[in-house]
Amino acid sequence: MADGAVNFLLDKLTTVLMQKASLLGDASDEIEEIKLELESMRSFLRDAERRKERSESVETWVSQVREVAYEAEDIIDEFIHLKNRKRIKNGFKVVLQDVVNFPKNMTTRHQISSKLQKIKAKVHEVSERSKRYDFDQHEEGRTRNVASGRWKHYAESSSFVDEDEIVGMEENSEQLFGWLTEEEPRRTVISIVGMGGLGKTTLVTRVFNNQVIKRHFDCGAWISVSQIYGIDELLRSMIKEIFHTAQVPIPSNLGSMSYRYLIGLLIDYLHQKRYVIVLDDVWSIDLWSKIRGAFPNNRYGSRIVLTTRDGNVAASIGIGSHVHHLQPLQEKDAWALFCKKAFWDDPEHKCPRELQPLAEAIVKKCEGLPLAIVAVGGLMCSRSKRIGEWKTVFESLNWQLSYNPMLERVKGILLLSFNDLPFYLKHCFLYCCVFHDGYPIKRKKLIRLWVAEGFIKERKGMTMEEIAEEYLMELILRSMIQVTETNDAGRVKTCRVHDVMRELALTTSEKENFCAAYDGSQSKLEGRIHRLSIYNTGETIQLSSTMLRHLRSFFVFPTDMYSSFSLNAFSSKFKLLRVLNLEGVPVETIPTTLVELFNLRYLNLRDTKIKELPKSMERLNNLQMLDVWKTNLKRMPNGISKLSNLRHLFTCSKQDPDSESINVLSGMQAPNGIWNIRTLQTLACIEAETELLQQIANLANLKRLEITKLRAVDGPKLCSSIERMTGLIRLGVTATKTEEQLQLEALTTPPSFLQKLKLVGRLNRSSVPGTQERL
């Protein structure tokens, strides 16, 4: 992850140097030097990341790189913060020259200069240290991942699993058997897709070794494709296996044959045969395009089976293919498999009654993942049958998965998927660890958080939210994130991370100070953790000052233990906080010191009890998302209209259930001038006012608009504005009272990209947008 931290920081420094030149003043030279030093260091990092598992000294260096990148980011942000604080204290009427110059206060000048000099020296020192390790650059082409070398034979070993250990694969086996033997004469590619450890290789092995299958095909080969194979080496392995099985002499010059001759040799041998080829554990999306020419489409009913963790690989095959997404074991099958391993010495593999609750909890934690079930079952069979010992293992399962040698295979296999991710996806994936175990992760919320954290790199022609959604879909296709719910349009609504993968990811996150979870079991959290999730009552939270100073994200998740929560003890120490999430927590007040959080991008107060926001909200100049949905807030400060970077605004106050209005939820009056925030994409639950309805068309980037309390007389004004909002995707309009009619017939040309329309109020057929043209 050090390469991720450095790449992330380099992107940030580039942006800072381009956009903040006037603000940086003389310090731009210092920051430029830090940037150049990090760029020269980056060339060593990727190789070092691969070698750290084999060398403690290299691992130490990688850790130092990561920490110096984090520290540099903190100092740069603190510098920007101090400069802006100077501007704010002087008021917004200062001239540009006062902003450009360094503060006259010599103490502040010395503090800034000293910190920049110190971090520049530290970056240089760490960079020089890398040269002592003499990283071999020639390893770049030979191997992509140390872990893949350690675990590349795991797939092959799956071929030797006892039939007695195979549970719950009957339906999957029948499906694969049917595709292999169906009468379709064309060459067909069958892709088995699923996360690591799900049993893809075991399933294919079981069917491939079936005697009916062996008699059905003239020849075949099983190739374990790993991340270290080159295409020529892959083709040679295939030729060797096919020729050896058929007892055909292998050409003596096979080792010197070029790619073209290797392809030709395979075509010559296979073109009149019905063949079956298994390509196990495929990672590269372009592998098929490079080797497909070796498999003649001879209309003899030949089949190619590949297993992969990446849905993109299966999708790249195109026409003439089947894709089977392997699912976790059902609860009954998972229990049977666990009992076979944990109680192997019992003739009936029966779990003792006193251990059953704990055993069931352990199996549930494995969530139907055969690799984890078999490994944990093997671990438990080595334990005594005492309840206390089983309870200890269950409560320390996180540690067991990460550090127990008996479960090392689980860790190694699952982390292959993580190690294969590009750095920007590693950040996004690990960020899922901030959510409580079992907490449904909403797609839109996750996307907005990624944007607020700065994980999304801008791309011409796309919003950052659209790019973030691409990232999410890539993680889903790579089997790193699971979809748990979709909306009516088939898009992801909520998602989650498999429990076992989450435990491993959480260990990685904590080790690398990326994020940590606090449930009250620790007496006090220390260190420079950058993202923190709290799962316990606020009265017991004890966080060190060092942690608070470096914290970037702070999440509090409500539990049954919560009675009250206060930010007062923490807010004054949050110097660089970007994300503050208090959704569902019974917080009643927001301290005025909140407006000093210059870095704050994301503020979620949904479902809290707050009644007012600090009056000087305009000081949160970097705020991108403000959510006060279903709070006791009745009015927002007008300063919100000065938040020039605001992208999403959710406003909705709780209302008296006896109200005459249509819904219990009530819109909120928009701050005057809200239509001047050109970055705004979401404006939810805003009361219809004449000036707002006339000016709202200025929000050219608006994607979602929800208007409440619309009077019939104001319908034409709203329609006129909506017709000019060409990018609108979601529109909601609620009448002011139950008997009020929605007059929207003036909307003759609805926005072209509108996907969701919600109308609440009395409707005539002619008042539905766009219908009059069809009458």
* **Any donor-acceptor pair under 3.5 Å from Lys340 side chain to Gly377 backbone** => no
Hits for side chain to side chain contact (heavy atoms under 4.5 Å, CB included) against Arg443, two or more places apart or cross-chain, chain-then-number order -> Ile447, Glu469, Leu472, Asn487, Arg491, Val492
dist Leu176:CG -> Ile190:CD1 (nearest 0.5 Å) comes out at 5.5 Å
Let's go through Trp288 and Asp286 carefully: what are the C-alpha distance in whole Å and the side-chain angles of both, what is the deciding distance for side chain to side chain donor-acceptor pair (under 3.5 Å) to 0.1 Å, and is it a yes or a no? CA-CA 6 Å; Trp288 178 244; Asp286 61 349; over 6 Å; no
Here the pair of heavy atoms bringing Ala314 nearest to Val193 is CB-CG2, 3.7 Å
Interatomic distance, OG@Ser553 vs CD1@Ile529, rounded to 0.5 Å, equals 12.5 Å
Exercise for review: Verify, without hydrogens or angle tests, whether Glu354 (side chain) and Ile387 (backbone) share a donor-acceptor contact under 3.5 angstrom.
Suggested key: no
From the list Asp420, Asn312, Thr308, side-chain hydrogen bond (donor to acceptor under 3.5 Å, both in side chains) with Arg478 holds only for Asp420
Sequence neighbours excluded, the answer for side chain to side chain contact (heavy atoms under 4.5 Å, CB included) partners of Ala452 is Val579, Arg601, Tyr602, Gln624
Sequence neighbours excluded, the answer for side-chain hydrogen bond (donor to acceptor under 3.5 Å, both in side chains) partners of Tyr471 is none
Is any side-chain heavy atom of Ile291 less than 4.5 Å from a side-chain heavy atom of Leu279? yes
Between the SG atom in Cys428 and the CG atom in Leu446, the distance rounded to the nearest 0.5 Å is 7.5 Å
Rounded to the nearest 0.5 Å, the CG atom of Leu414 sits from the OG atom of Ser479 at a distance of 11.0 Å
For Ile242 and Ala221 the tightest heavy-atom approach is CG1-CB, 3.5 Å
Between Leu407 and Val376 the two heavy atoms that sit nearest each other are CD2-N, 3.8 Å
Side chain to side chain contact (heavy atoms under 4.5 Å, CB included) filter on Glu485, not counting sequence neighbours, yields Lys493, Thr494
request  = Report yes if the side chains of Phe555 and Ile534 come closer than 4.5 Å at any heavy-atom pair, otherwise no.
outcome  = no
Take Glu171 and Gln175 through the side chain to side chain donor-acceptor pair (under 3.5 Å) test and state the conclusion after the steps. CA-CA 6 Å; Glu171 188 176 335; Gln175 176 72 81; over 6 Å; no
Check the pair Phe455, Tyr424 against ring-ring contact (aromatic ring centres under 6.0 Å, His included), reporting the backbone distance first and the verdict last. CA-CA 7 Å; Phe455 295 159; Tyr424 58 89; over 10 Å; no
- [ ] State, with a plain yes or no, whether a side-chain heavy atom of Val212 is found less than 4.5 Å away from one of Phe177.
- [x] yes
| message | For His530 and Tyr70, I'd like to know if the aromatic rings sit close, meaning centre-to-centre distance below 6.0 Å. | response | yes
When every non-hydrogen atom of Trp222 is compared with those of Glu241, the smallest separation belongs to O-OE1, 2.6 Å
Quiz item: Counting distance only, does the side-chain N/O of Ser382 pair as donor-acceptor with the main-chain N or O of Leu379 below 3.5 Å?
Solution: yes
Smallest heavy-atom separation, Arg531 atom then Leu551 atom, equals N-CD1, 4.0 Å
Review point. Side-chain contact, heavy-atom cut-off 4.5 Å: His322 with Thr188?
Key: yes
Side chain to side chain, Val410 and Val500, heavy atoms closer than 4.5 Å: yes
When rounded to the nearest 0.5 Å, the distance separating NZ of Lys426 from CG of Leu475 is 12.5 Å
Discussion item. Can you confirm whether Leu369 sits close enough to Leu198 that some side-chain heavy atom of one is under 4.5 Å from a side-chain heavy atom of the other?
Written reply: yes
Hits for side-chain hydrogen bond (donor to acceptor under 3.5 Å, both in side chains) against Lys511, two or more places apart or cross-chain, chain-then-number order -> Glu59
Open item on the list: Using side chain to side chain contact (heavy atoms under 4.5 Å, CB included), reason through Phe429 and Ile481 one step at a time and then give a plain yes or no.
Closed with: CA-CA 8 Å; Phe429 174 72; Ile481 290 179; 4.3 Å; yes
Ile441 versus Cys432: any side-chain heavy-atom pair under 4.5 Å? yes
Taken in chain and number order and not counting sequence neighbours, the residues that satisfy side chain to side chain contact (heavy atoms under 4.5 Å, CB included) with Ser316 are Ile285
Distance col, row Arg303:CZ vs Ile213:CD1, nearest 0.5 angstrom, shows 10.0 Å
Practice task
Using the side chain to side chain contact (heavy atoms under 4.5 Å, CB included) rule, take Lys411 and Leu401 through it: C-alpha gap first, then chi angles, then the decisive distance, then the call.
Solution key: CA-CA 6 Å; Lys411 175 184 176 182; Leu401 285 166; over 6 Å; no
Please table the atom pairs, donor to acceptor, closer than 3.5 Å between any side-chain atom in residues 326-338 and protein atoms at least two apart or in another chain.
from	atom 1	to	atom 2	distance (Å)
Gln327	NE2	His325	O	3.3

Residues 371-393 vs salt bridge (charged side-chain N to carboxylate O under 4.0 Å, His left out), sequence neighbours excluded, gives Arg383-Glu389, Arg386-Glu389, Lys391-Glu395
Residues passing the ring pair (Phe, Tyr, Trp, His ring centres under 6.0 Å) test with Phe394, sequence neighbours excluded, are none
Sorted by chain and residue number, the side-chain hydrogen bond (donor to acceptor under 3.5 Å, both in side chains) partners of Arg448 (sequence neighbours excluded) come out as none
Practice task
May I ask you to decide if Glu233's main-chain N or O and Ser237's side chain share a donor-acceptor pair within less than 3.5 Å?
Solution key: yes
For Lys445, the salt bridge (charged side-chain N to carboxylate O under 4.0 Å, His left out) test, sequence neighbours excluded, returns Glu583
Looking only at heavy atoms, the pair that brings Cys351 and Phe343 closest together is CB-CE1, 3.4 Å
Item to check | side chain to side chain contact (heavy atoms under 4.5 Å, CB included) assessment of Glu503 paired with Leu397 | outcome: CA-CA 8 Å; Glu503 295 291 355; Leu397 200 54; over 6 Å; no
Tell me whether Arg496 is salt-bridged to Glu367, with the criterion being a basic N under 4.0 Å from an acidic carboxylate O. yes
| said: Main chain of Cys515, side chain of Ser509: is a donor-acceptor contact present, judged purely on distance under 3.5 Å? | reply: no
query = Between the side chain of Thr307 and the main-chain N/O of Ile192, is any donor-acceptor distance below 3.5 Å?
reply = no
Do Ile277 and Val305 make a side-chain contact, defined as non-hydrogen atoms from C-beta onward lying under 4.5 Å apart? no
_is_close_aromatic(Phe557, Tyr439), centroid dist under 6.0 Å_ = yes
Residue set satisfying ring pair (Phe, Tyr, Trp, His ring centres under 6.0 Å) with His498, at least two apart, ordered chain then number -> none
